[in-house]
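Worksheet: the structure to be examined is printed underneath.
Residue numbering restarts at 1 for every chain, and letters A, B, ... go by the order of the sequence lines.
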There are 2 protein chains.
Amino acid sequence: MGEQEKVRWLTAEEQRAWRGFVRLHERLGGRLGRMLQSESNVSAADFAVLVHLTDTPDGRQRYQDLARALEWEKSRMSHHIARMAGRGMVVREECPEDGRGAFVVITDTGRAAIEAAAPRHVEAVRELFMDHVTPSELRVLAELSERVISKLDEDQA
Amino acid sequence: MGEQEKVRWLTAEEQRAWRGFVRLHERLGGRLGRMLQSESNVSAADFAVLVHLTDTPDGRQRYQDLARALEWEKSRMSHHIARMAGRGMVVREECPEDGRGAFVVITDTGRAAIEAAAPRHVEAVRELFMDHVTPSELRVLAELSERVISKLDEDQA
DNA sequence: TAAACGTAGTTGACAGTTCACCAAACATCC
DNA sequence: GGATGTTTGGTGAACTGTCAACTACGTTTA
């Protein structure tokens, strides 16, 4: 009953890429998040929600749609929106057409928050990332990401 | 007192790459983490700790060094090791040379856990990622990551 | 050697996430 | 109409990570 010897461990090159990739995201994410938090009093999650709300004409989105867009669990959405509502950035609104449903609606406070935060955030993404990556590398990254994500989606089903 | 009009928003290409990158990591991380958790009863964080411990000859590391290697805060390390110790995967050991310090030492239970988890994990990384990326893309990713990380480190100081 | 400073790790309060379950409103099918 | 199943969202408990204060030891300096 020999062990399964067939594990193909990662090569040095593979490890290098994998670790680099993971670490890069952790670092960038951490830095950008702390930056948003300290300079604009908005967490990365808040920011993502606000961006999606301002993407719609009336700043309103169903919980469900927001959750799908951000790829969050509904429960996370519910808790998070409750907290944001507590801080006045959004309000919850009943949905007339569907008695179960509800809308998340951005408030003026929310708009002010994201308008203050966005320029600094984009600038940071440029300074910390874009400025150090060539257009061709960017293209490789985009293609690679999309391909792998679509594979993930495939065998999800 | 005009607004700062000079914000250079991300181009479509840049957004595509940025979002792809962020999403890819979230997705892969989530999937691999759930896999480890459900199949081996080990969280991604546990796994990382165990990997670093088994990298040393006697399966022992100073809290400090472990924290640096994983880029964790010392308090996170302390909390996390306490939890892992509670589950018997590691033990804490005093450090004779430095009265303040302490070692984290992997136990047989811990070894068994990582030995059970590692092959499936590597296989998953292959299936979900490596198999869909060419060697040249991998090289680009590695170089890009290292470059950007080193820039991050630079202006940290 | 005493004061001051730095370092290693701990602790407790707290914010955020997930999990498992719940409930209400729709949808379908007979 | 009523039984059944599905979708939408809410809730409480458990868990994870962060922050700031704290203890205890070590190192430097005067």
- Which pair of non-hydrogen atoms, one from B:Leu141 and one from A:Leu141, has the smallest distance, and what is that distance? CD1-CD1, 4.1 Å

- From the 5' end of DNA chain D to its 3' end, which nucleotides mark the outer limits of contact with chain A, defined by a 4.0 Å heavy-atom distance cut-off (strictly under)? D:dT7 to D:dG12

- Item | Distance, nearest 0.5 Å, that separates CZ of B:Arg19 from CG of B:Leu24 | 15.5 Å

- pair A:Leu53-A:Phe103: side-chain heavy atoms closer than 4.5 Å: no

Below 3.5 Å between N/O atoms, which protein atoms pair up with nucleotides 26-29 of chain C? Just atom names and distances, please.
unit_1	atom_1	unit_2	atom_2	d
C:dC26	OP1	A:Gly99	N	2.6

- Query: In terms of hydrophobic clusters joined by side-chain contacts under 4.5 Å, are B:Leu70 and B:Leu32 together?
  - Reply: no

- Item | Nearest heavy atoms of A:Val122 and B:Arg8, plus distance in Å | CG1-O, 3.5 Å

- Message: Is a donor from one side chain sitting under 3.5 angstrom from an acceptor on the other, for A:His52 and A:Asp65?
- Response: no

- Query: Do you know the tightest heavy-atom contact between A:Ala102 and A:Arg62?
  - Reply: O-CD, 3.3 Å

- Message: Please report the distance, rounded to the nearest Å, between OH in A:Tyr63 and P in C:dA24.
- Response: 18 Å

- Note on the structure: What one should report as the nearest heavy-atom pair of A:Arg76 and A:Ala45 is NH2-CB, 4.5 Å

- Message: Taking 4.0 Å as the cut-off, does a side-chain nitrogen or oxygen of B:Arg92 come that near to OP1 or OP2 on C:dG9?
- Response: no

- Does any non-hydrogen side-chain atom of B:Arg23 lie less than 4.5 Å from one of A:Glu71? yes

- Does B:Arg126 pair with B:Glu123 as a salt bridge, N-O distance under 4.0 Å? no

- Query: Could you run down nucleotides 12-23 of chain C 5' to 3' and tag each one B, S or - for protein heavy-atom contact under 4.0 Å?
  - Reply: B---BBBB----

